[in-house]
Q: 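Right, I'll just put the structure down here and ask away after.
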Amino acid sequence: MSIIKAGFALFALFMSFPALAEEGIDSKIDTAVKPFADAVAAFVFSSFPVGDVQIPFVLVWLVSGATIFTLYFRFINFRAFRHGFQLVRGDYSDPTAAGEVTHFQALATALSGTVGLGNIAGVAVAVSLGGPGATFWMILAGLLGMSSKFVECTLGVKYRNEYTDGTVSGGPMYYLSKGLAERSDKLRVLGKVLAVLFAIFCIGGSFGGGNMFQANQSFQQVVSVTGGDASWLADKGWLFGTVVAALVGLVIIGGIQGIARVTSKIVPFMAVVYVTAGLVIIFFNIEQVPAAFVSIVTGAFSADGIAGGVVGVLFQGFKRAAFSNEAGIGSAAIAHSAVRTNRPVTEGFVALYEPFIDTVVVCTITALVIIVTGTWDPSVDPSQGVALTSSAFESTLSWFPWVLTLAVVLFAFSTMISWSYYGLKAWTYLFGESMITDIVYKLLFLFFVIAGSSMKLGSVIDFSDAMIFAMAFPNMLGIYFLLPVVKKELNEYWADYKAGRLQKFGKAANRP
Amino acid sequence: MSQVLLVGTDCSNCSNRALDYAKTWAKTSGLRLYVAHVIEWSPFSFNTPQELEQRHKRREDELDRAHAQVIDPIIEELKAEGIDAQGVIRHGHPAETLNELANELGATNIIIGRRGQSAIKAKLFGSATSTLVQIADHPVTVVP
């Protein structure tokens, strides 16, 4: 059994890491990487002052892009909302093509890569630092982000590679290189450069935000629920990391899809549990809800005691939305491009639901829970986001931290699986597809799982956040050149849709 | 409208009383007989990105296997006996898909076997046959 052999090899490999970790390799790596990491972070998060607040340029880049896309496609995020739902429901799915990847499946898979710690931990921090008003800006940024996802995912499907063996590969690497080359010969070189840059950043992001950050935060929550500093696990990050890495390794190297399949079924269930628990808590505190909404709206425009005033509030909300739904980053386009359709724009409509569910629904519920329970705390340490959300839930449902821990670990796990895939796609785009390149990437990925849970992150985490956000520069820049392509696809499709030339199937045929 | 029959089947060489029944019916009546095989699948399942990437290929493999191991041998045998038989393979929920196929093909009767599970088992895990009886838009003949 080659799988068992591979498992043993992996195990032996992992057993060598903890020894290193205990000798303080974390601080060594930290020192070695710091200058480089700081330089990258300083560049990506280079900011300019607005009032008392430093606004990172990348945030302006993301939000202004989302606004431009929204206007350019005349509020496609609202216009196509209903039609997107019909597509997800399968109204237009030809039954003879049943068995292919459906819109729902592509959306669900992409969502499980984005719904995660950002929704739980990040929102708590945003509400604490920015006050309830941050929620308002977060929702607005979420709504605008829908347009970014629409464009990305349409392009992802349009320019994907379909191989002779029937598998597909898509994502910004492909639409940047193929799409821009198609526009004009002059753009061909630019497209190639952007695609390579994107791939490099995507690999970095897959090791950082898609991996180390997840491992680190889930370990923190496990420690805190098992007794904090007194926990038996408190100084055993390497052990936690090794177990998680072994499980991830079984999936991505051992090909044990069973684990991934189980996770991919539990994760949506946990998301439902989380949202339901959130609604229960909001219901228990129903008398606070009107006041909460008032504070969200008034807080958005008047910021008493918030660092940086209204701009500070806006910054917290926008930042949270961008971190959480990844609109404009380009990652989701990789997952969405697996769908089977001959109208790429349909996947764009479906992708509208991603920032909507992630930010407008799930993040808002977290924010409401924190506001109605009054657990937000302006002096919070930004690394303690999960703990804050956990105590907000605990104030009404005392046993919930345990459920939340399970949710956090599962969300982290599924995010890691998704990002290992995104990173691998970028990696093979750069180095070609072969067994060797494949395995090198995967081993590196597993190494970072252990590193992430055993290290005190500091600059390494800044670096990985920087890498994820750096993806937005080549991605959105290229997208601006491709907007007319999307417009053409959209106009053709929308005309067909309005004229009723699109065939509905099954029971949907009788619906209006 | 000419009448056609639709029979659902899982396997080719297992004892298949529903198929035998349909065969006799088709032979004596001279009606066209569609033999349907449904590969269980849901459009609303949750998958990993790796699974999605492979999905198209998997589907082709599943269809090939269903043809080679289930439908083709049956159709060959039926045709040899002079029956106007056609095979259909489709992914989906067994009962719903059979009913949809019957609508599409204009079948006047759906013939289906049953597994003979205990009542408890059927309650717990559901039974394609009893679901079909509940939702069908056409007469269903259940062959014990």
Side-chain angles (χ1 to χ4, degrees), chain A residues 88-90 93 95-113 160 162-171 251-252 255 257 259-269 271 334-340 414 417-422 424-425 505-507 509, chain B residues 6 8 34 36-71 86-107 110 128 131-132 134-138:
Chain A
V88 173
R89 190 167 61 184
S93 307
T96 55
E100 301 281 10
V101 176
T102 60
H103 286 301
F104 177 90
Q105 291 168 341
L107 175 67
T109 302
L111 257 177
S112 75
R160 66 185 167 187
E162 292 185 46
Y163 302 105
T164 41
D165 69 352
T167 56
V168 290
S169 263
V251 176
I252 65 175
Q257 286 291 319
I259 300 173
R261 218 170 284 146
V262 169
T263 319
S264 65
K265 286 177 178 59
I266 300 178
V267 161
F269 173 72
I334 303 177
H336 277 281
S337 57
V339 75
R340 205 77 193 171
S414 78
I417 300 285
S418 296
W419 271 96
S420 77
Y421 179 79
Y422 301 157
L424 183 64
K425 286 283 133 189
F505 294 92
K507 288 183 215 104
Chain B
L6 178 73
Y34 283 101
H37 174 65
V38 180
I39 302 171
E40 190 145 6
W41 170 86
S42 163
F44 302 112
S45 63
F46 293 88
N47 306 278
T48 62
Q50 288 86 351
E51 285 177 298
L52 295 192
E53 182 190 271
Q54 302 285 333
R55 188 58 221 162
H56 178 65
K57 195 180 157 201
R58 289 266 161 79
R59 177 178 183 266
E60 305 278 291
D61 292 347
E62 286 164 4
L63 291 177
D64 287 347
R65 209 176 319 128
H67 266 293
Q69 294 176 5
V70 184
I71 289 297
Q86 298 238 341
V88 204
I89 302 170
R90 182 81 51 99
H91 283 76
H93 180 276
E96 284 168 16
T97 309
L98 277 179
N99 186 45
E100 279 162 25
L101 278 173
N103 286 332
E104 270 173 56
L105 302 168
I110 309 172
T131 311
L132 180 65
Q134 293 296 327
I135 64 166
D137 301 319
H138 307 272

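All values derive from a computational prediction rather than experimental measurement. In what follows, chains are A, B, ... by sequence order, proteins preceding strands, each numbered from 1.
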Q: Does any heavy atom of chain B fall under 4.5 Å from the side chain of A/S420, the backbone, both, or neither of them?
A: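 It is the side chain, since no backbone atom gets that close.
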Q: Shorter than 4.5 Å, heavy atoms on both sides: which option in A/S418, A/P268, A/A338 has the most such pairs with chain B?
A: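 Ranked by heavy-atom pairs under 4.5 Å with chain B, first place is A/P268.
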Q: Decide if the gap between the ring center of B/F46 and the ring center of A/F269 is smaller than 6.0 angstrom.
A: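 Ring-ring flag for B/F46/A/F269: false, centres at least 6.0 Å apart.
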Q: Within the side chain of B/R55, is there an N or O that forms a donor-acceptor pair under 3.5 Å with the backbone of A/G99?
A: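 A pair under 3.5 Å: yes.
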Q: Please check this pair: side chain of B/R58 against backbone of A/E100, looking for a donor-acceptor N/O pair closer than 3.5 Å.
A: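 Looks like no, no N/O pair under 3.5 Å.
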Q: How far apart are the closest heavy atoms of A/R89 and B/F44, and which atoms are they?
A: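 Shortest heavy-atom separation between A/R89 and B/F44 comes out as O-CZ, 3.4 Å.
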Q: Would you indicate whether the side-chain heavy atoms of A/V251 and B/Q50 approach each other to under 4.5 Å?
A: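 Counting from C-beta outward, B/Q50 and A/V251 never come under 4.5 Å.
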Q: Checking A/E162 now: which residues fulfil side chain to side chain contact (heavy atoms under 4.5 Å, CB included) with it, not counting sequence neighbours?
A: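 Partners of A/E162 under the side chain to side chain contact (heavy atoms under 4.5 Å, CB included) test: A/R160, A/V168, A/R340.
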Q: Any side-chain heavy atom of A/Y421 within less than 4.5 Å of one from B/E53?
A: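 Sidechains of B/E53 and A/Y421: in contact.
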Q: Side chains of A/T167 and B/Q54: any donor to acceptor distance under 3.5 Å?
A: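 The answer is no; no qualifying pair exists.
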Q: Calculate, to the nearest 0.5 Å, the distance between atoms CG and CD belonging to A/D165 and B/E60 respectively.
A: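 It is 11.0 Å, given to the nearest 0.5 Å.
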Q: Residues in side chain to side chain contact (heavy atoms under 4.5 Å, CB included) with A/S414, at least two apart?
A: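 Partners of A/S414 under the side chain to side chain contact (heavy atoms under 4.5 Å, CB included) test: A/S112, A/T263, A/V267.
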Q: Calculate, to the nearest 0.5 Å, the distance between atoms CD1 and CG belonging to A/I334 and B/L52 respectively.
A: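 Interatomic distance, A/I334 CD1 to B/L52 CG, rounded to 0.5 Å: 13.0 Å.
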Q: Heavy-atom cut-off 4.5 Å, strictly under: side chain, backbone, both or neither for B/S42 against chain A?
A: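 It is the backbone, since no side chain atom gets that close.
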Q: Just how far is it from atom CD1 of A/I252 to atom OG1 of B/T48, taken to the nearest 0.5 Å?
A: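 The distance works out to 11.5 Å.
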Q: Tell me, side chain or backbone of A/V88 under 4.5 Å from chain B's heavy atoms, or both, or neither?
A: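 Backbone only.
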Q: Side chain, backbone, both or neither: which part of B/E104 has an atom under 4.5 Å from a heavy atom of chain A?
A: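 Only the side chain of B/E104 comes within 4.5 Å of chain A.
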